[in-house]
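Contents: one structure, followed by commentary.
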Amino acid sequence: MTTKTPFLLACATVAAASLALAAPAQTATTKSVKVGDNYFVTAKGVPTVTVKHGTTVRWSFAGHSFHDVTVSSGPAKFHSKAMSSGSFSERLTKKGIYKIYCSIHGAKDQSMILKVT
């Protein structure tokens, strides 16, 4: 090992650290969906939501009846437990269209269907 090697190694380390600091920070995004008695609704009052890759969707349960969040079709499957209060979150890492419904009501109950793109 020459005397230049530690110097070059130190320069490479400083350069790598500088690049890491200069890179823009990835911020996690969360979208909220309210689950009430017989409905899914976003902050905009609609049963559809468009999110970026990697977004976490948080379903907040508020009502008297039990409901759940179940993917009927989409690039990934997930399912929450049945609840009437509390929340359930899922980070969407696969691009595509998720069709979500409450399995307690069944996929034919149009009031309990949500589309996440």
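The first residue of the sequence shown is numbered 1, and numbering continues consecutively from there.
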side-chain hydrogen bond (donor to acceptor under 3.5 Å, both in side chains) partners of Ser85, counting only residues at least two apart: none

Same cluster or not: are Met83 and Val41 linked, directly or through other Ile, Leu, Val, Met, Phe, Trp or Tyr residues, by side-chain heavy atoms under 4.5 angstrom apart? no

Nearest-0.5 Å distance, NZ of residue Lys95 to OG1 of residue Thr117: 13.0 Å

If I take atom OG from residue Ser32 and atom CZ from residue Arg58, how far apart are they, to the nearest 0.5 angstrom? 6.5 Å

Kindly give the heavy-atom pair with the smallest separation between Ser84 and His64, and that separation in Å.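 In terms of heavy atoms, the two residues are closest at CB-O, 4.0 Å.
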
With side chain to side chain contact (heavy atoms under 4.5 Å, CB included) as the criterion, how do Val57 and Thr30 come out once you've worked through the C-alpha distance, each side chain's angles and the decisive distance to 0.1 Å? CA-CA 6 Å; Val57 179; Thr30 302; over 6 Å; no

Tell me which one of Thr70, Val69, Val33, Ile113 satisfies side chain to side chain contact (heavy atoms under 4.5 Å, CB included) with Ile100.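 Single pass found, and it is Val69.
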
I need the full list of ring pair (Phe, Tyr, Trp, His ring centres under 6.0 Å) pairs touching residues 68-100, with sequence neighbours left out, sorted by first then second residue. Trp59-Phe78, Trp59-Phe88

Show your working on side chain to side chain contact (heavy atoms under 4.5 Å, CB included) between Tyr101 and Ser72 and close with a plain yes or no. CA-CA 7 Å; Tyr101 73 106; Ser72 62; 3.4 Å; yes

Per the side-chain hydrogen bond (donor to acceptor under 3.5 Å, both in side chains) rule, what does the pair list look like for residues 38-55, sequence neighbours excluded?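 Pairs touching residues 38-55 that pass the test: Asn38-His105.
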
For a side chain to side chain contact (heavy atoms under 4.5 Å, CB included) check, start with the C-alpha distance between Lys34 and Phe40, then their side-chain angles and the critical distance, and finish with the verdict. CA-CA 6 Å; Lys34 184 176 179 183; Phe40 288 118; over 6 Å; no

For a side-chain hydrogen bond (donor to acceptor under 3.5 Å, both in side chains) check, start with the C-alpha distance between Ser80 and Asp68, then their side-chain angles and the critical distance, and finish with the verdict. CA-CA 6 Å; Ser80 75; Asp68 66 14; 5.3 Å; no

With a 4.5 Å limit on heavy-atom distance, are the side chains of Ile97 and Val116 in contact?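 In short, these two side chains do not touch, never coming nearer than 4.5 Å.
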
Quick check: do His67 and Asp37 have side-chain heavy atoms less than 4.5 Å from each other?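 The answer is yes; the side chains approach within 4.5 Å.
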
